Amino acid sequence: MCELDVVHGLPDDCQCAEVEDLFNRFGKVDYVFIPPRNLRRTEPGFIKFWSPEHAKAALHASQSGAVTLHNNRLHCEYHRSKAARPMQVDGGSTSSTRPLDPPPPPANPAWAQNAAWGNMQPLAEVDRYAELLRKKVSDVKEQLKSVVAASVLEQAKIFSSERTQSQHRAGPLAIQRPTAARRSEGIFLEFSCWDPEAKDHSLIDPVEVPIYSLAISAALEAMRRMPIVLDGDVSECNDDAEWECVDTDATSVRADRSADRSADRSAAWGKIIGHGLRSAQFHSTLSGELMVCLAYQDARLKYLKKGEVLPEEDGNTFETSSQGQTWKAAAAEFKALLHQGVEAAGVQGSKIDVIGRWKRRRLVLGRDFVQESFALEDGRTLTYHQPEGQFSNPNASCEVHCLNWLCQQAKEAVAQTRTSRSSSPVLLELHSGGGNNTVALAPTFQEVRAVEINRILAEAAEENLKMNNIKSIRCTRNTRVVRADAAEIDVATYTGCHIVLVDPPRAGLDEKTRETVARMDQILYVSCNPLALASDLEYLREGFQVVSLAIFDMFPYTSHCECAVRVQRKPAQIERHPNRAAAGRKTWLIVPLFFTILGALYALWKKRVRRRKAGLG
Ligand SMILES: C[S@@+](CC[C@H](N)C(=O)[O-])C[C@H]1O[C@@H](n2cnc3c(N)ncnc32)[C@H](O)[C@@H]1O
């Protein structure tokens, strides 16, 4: 490794990616840093090359005036000393990028040996994606072969994932203090995740394993290089350490913001953001949004009973308390730097929201949801609010495949039901979450009855239905979300439904939900666990058959995937196992018969009474 400082010439409007492209022609660049716009004339940028030879070539070229950007000559020098790095002096370093494609060789050989993504394979496996997917598909088919006919397995639709940058959710990732060696490279914090195989935390390097979306990778990388000061021994999670408000208040953070950005200022916000910080979660969208949630440990809150308040909350809410105000001011600084880091990596116009979470307390800078949009094959663009900390599928482009497949299968299910039942199609949707499938499928049905147990998701689903004008489409205006346990829905919720969609958690269906599902003629089943799916299909096997199967590689480089099947009642079973609605039709025959018999008995009784009155016996 060898570093050059760009001591002058960086144009005000240049981007990291451009500088990187410019210097890449001399050899492989590991890292580029450019100072924030207002500091560009006083602070150097720097470029780290993998090889000293390449750095030397770039240095000579710049000294002979051959390196220009936007007509500015860039003048480089060998990096003076680690301590003189702008990031360490001022902490205002914001625009930095590392090449994501193609990935550089591992900076630290030890990382290459780690399964850096928990049970995910190392980056080297990206080249083997097709082979890994083939293996996964073959494993899934093996798991399903006792419950799915060979012809259906053979015709299964396979939807692959993007090989890199496919995951739009990351975390919670534990925050760790870097080693001294990494600190000297300008790394202020590390992210790690639990590796169940190694039974240890594995460090995450967003560059070496670019599985996360570009926005998340860039945010991880920007955060690692921000001057965030971690207190306590975070690697040992010393959570009982007394947590106190940091010795900096909101006004000092804000005042420093205006004119002279000093080392003190960055130290101030970096201390506040790092104080008690234990983990971070990231949620990005195809629509270019990013939500970062920082989770904090505050030992004082651990022992606080429900309803009790912290001293600084006396007469305040957490938001208006000194701690809340201080954190929000620091988070604004953090957000601005994150924004620059993400833009520098090439995510233009991104919208970033930051949330801080403590036990029973939360501070939101911006919004507490992201707005995703999915363009479907049928020309519709659907928008969704995905609330912070709630379920949403992590692989957004794979999710679009899943919605397209479901829409097509739902149409076929409706067509089949019309021929066998001649009734208007009503969909019972269990485990509807935030209405992801509900919104996409609603126009295919006369009515959708969606059931979700989680209040926040049920509310989000209602909102998503409104946002996509589902309620105003005449044929689907009856679509509604019921907040309930799928196992405890009442008869009214499923009466008249012949088609059901289930998308349960990993455990699959419970006994009661299985019974509800078995009343239907057509079942759409989305599963993130083929073994649970196989077990539920086994339960349905006598009366039903699987007619289509799709496999979505929602979690590439892991052994997990998403499967979906359409299951239909075997023709001979429709009369033998009528559902409640059919039973209802029989009830209409029994009830008049009952009253007719009752009427006849009454008439007989009345006749006898009259005869007795008339003295006839
Ligand atoms: C795999 S997620 C699917 C969510 C949604 N279909 C989607 O695609 O976004 C499973 C959902 O089932 C919900 N759930 C879990 N147990 C449930 C139950 N007993 N009754 C109703 N919903 C349940 C969870 O809250 C979660 O939203």
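If you're wondering where the values come from, they're calculated on a predicted model, not measured in any experiment. Both ligands and their constituent atoms are indexed starting at 1 by order of listing.
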Below a 4.0 angstrom heavy-atom separation, can you tell me which part of [X], side chain or backbone, both or neither, approaches ligand 1?
X	result
D503	both
A487	neither
L430	neither
N393	side chain
P504	backbone

Distance under 4.0 Å to a non-hydrogen atom of L457: what atoms of ligand 1 satisfy this?
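It comes down to these atoms of ligand 1: 27 (O).
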So, 4.0 Å and heavy atoms of [X]: is ligand 1 close enough to count as a contact?
X	value
V526	no
C528	no
S432	yes

Which of these, Q390, Q386, E388, H168, sits in a side chain to side chain donor-acceptor pair (under 3.5 Å) with H283?
Q386
Of the options R566, Q416, E412, which is the one that meets Q522 in a side chain to side chain donor-acceptor pair (under 3.5 Å)?
R566
With side chains defined as the heavy atoms from C-beta onward, is the minimum distance between L501 and L430 less than 4.5 Å?
no
Do the non-hydrogen side-chain atoms of I499 and F445 ever get within less than 4.5 Å of each other?
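The answer is yes; the side chains approach within 4.5 Å.
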Does the side chain of S213 pick up a donor-acceptor pair with the side chain of Q165 at under 3.5 Å?
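No pair is found: no donor N or O on one side chain lies under 3.5 Å from an acceptor on the other.
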Quick check: are there more than 12 heavy atoms from other residues, nucleotides or ligands sitting under 6.0 Å from CZ of R455?
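No.
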